[in-house]
Amino acid sequence: MKALIERIRAEGVHLGGGILKVDSIINHQLDPSLMANMGAAFAERFAGTPVDRILTAEISGIAPALMTGIEMNVPVVYARKRKPITMSGPVFLETAPSHTKGGETLLLVSAEFLREGENVLIIDDFLATGKTLLALSRIVLSAKANLAGVGVVVEKTFEGGRAAMQEKYNVPIHALATISAMEGDFISVLDN
């Protein structure tokens, strides 16, 4: 996705330790037009895939997942990091390490929003080590739903997440922007 790639090249900052700061694009500030284009791009890439529902993790995955849900006309569910008092009944719970916060992050989804036999597409902000996406995938399987595919805004290929996902799940994985290396101030963004 050319506009996204150009923005990462112009505004992305490597903070060290494999962390890419793109706060002006997705993690703090949102460009509504760019988000809408991301949703359209994901919908196009998964056009031949049956999808009943989209799953993401709060908070940075919500905007691209919502835009994709609008394009595909399907509901969007996001895994919460804390259980609110309104979340009663059975829940699916997984944990994943947080690259930016350190430590483990809880991912909770109310069982009423993931149904057995549904086709669930995961849309998230990053694919790095794949641990968050693996946790979301386990939630889908715990619900006895079908993992239809995975879409990410940015993939960092050098962290091995795609291989980890493909080793466990044979589903299509699409990234809108691909980072092949980050060293010092240098960020290598591939032309997708």
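Side chains included, hydrogens not; waters and symmetry mates left out as well; all remaining heavy atoms used. Numbers here are sequence positions counted from 1.
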Hphob cluster co-occupancy, [X] + [Y], side-chain heavy atoms under 4.5 angstrom:
X    : Y    : value
V153 : F158 : yes
L134 : V152 : yes
V189 : M182 : yes
I173 : F42  : no
I123 : M1   : yes

Distance, nearest 0.5 Å, that separates [atom1] of [X] from [atom2] of [Y]:
X    : Y    : atom1 : atom2 : result
E155 : L133 : CD    : CG    : 9.5 Å
L147 : I122 : CG    : CD1   : 5.0 Å
R82  : M87  : CZ    : CE    : 13.0 Å
L107 : L93  : CG    : CG    : 8.0 Å
R162 : L127 : CZ    : CG    : 6.5 Å

Please, which pairs that meet side chain to side chain donor-acceptor pair (under 3.5 Å) have at least one residue in residues 135-153, sequence neighbours excluded?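 Qualifying pairs: E94-R138, N119-N146.
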
Compare every heavy atom of [Y] with every heavy atom of [X], then report the nearest pair and how far apart it is.
X    : Y    : value
K131 : P97  : CD-CG, 3.4 Å
I8   : A177 : CD1-CB, 3.6 Å
A57  : T132 : CB-CG2, 4.3 Å
S180 : L190 : OG-CD2, 3.7 Å
D124 : G61  : OD1-CA, 3.5 Å
P172 : A148 : CD-O, 3.5 Å

Using ring-ring contact (aromatic ring centres under 6.0 Å, His included) as the criterion, list what pairs up with H14, not counting sequence neighbours.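 H14: no ring-ring contact (aromatic ring centres under 6.0 Å, His included) contacts found.
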
Which residues pass the ring-ring contact (aromatic ring centres under 6.0 Å, His included) test with F92, not counting sequence neighbours?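 Applying ring-ring contact (aromatic ring centres under 6.0 Å, His included) to F92 gives none.
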
For the backbone of [Y] and the side chain of [X], can you confirm whether one donor and one acceptor N or O come within less than 3.5 Å of each other?
X    : Y    : answer
K156 : G18  : yes
R53  : L114 : no
T157 : I179 : yes
R45  : A175 : yes
K81  : E58  : yes

Exercise answer: donor-acceptor pairs, residues 20-27 side-chain atoms, under 3.5 Å, sequence neighbours excluded:
from: S24; atom 1: OG; to: E11; atom 2: OE1; distance (Å): 2.4
from: N27; atom 1: ND2; to: S60; atom 2: OG; distance (Å): 2.8
from: N27; atom 1: ND2; to: D125; atom 2: OD2; distance (Å): 3.2

Considering only distance and modelled atom types, tabulate donor-acceptor pairs under 3.5 Å from the side chains of residues 65-77, sequence neighbours left out.
from: T68; atom 1: OG1; to: P64; atom 2: O; distance (Å): 2.7

Do NZ/NE/NH1/NH2 and the carboxylate oxygens of D31 and R7 come within less than 4.0 Å?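 Salt bridge: yes.
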
Show the numbers, then the answer: is there a side chain to side chain contact (heavy atoms under 4.5 Å, CB included) between V150 and Y169? CA-CA 10 Å; V150 175; Y169 306 103; over 6 Å; no

Take L136 and V140 through the side chain to side chain contact (heavy atoms under 4.5 Å, CB included) test and state the conclusion after the steps. CA-CA 6 Å; L136 290 171; V140 171; 5.8 Å; no

Please evaluate residues T49 and L121 with respect to the criterion side chain to side chain contact (heavy atoms under 4.5 Å, CB included), reporting the C-alpha separation (whole Å), side-chain torsions for both, the decisive distance (0.1 Å), and the verdict. CA-CA 9 Å; T49 305; L121 173 63; 5.9 Å; no

Who else is in the cluster with I62 when I, L, V, M, F, W and Y are joined by side-chain contacts under 4.5 Å?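 For the cluster that includes I62, the remaining residues are I59, Y78.
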
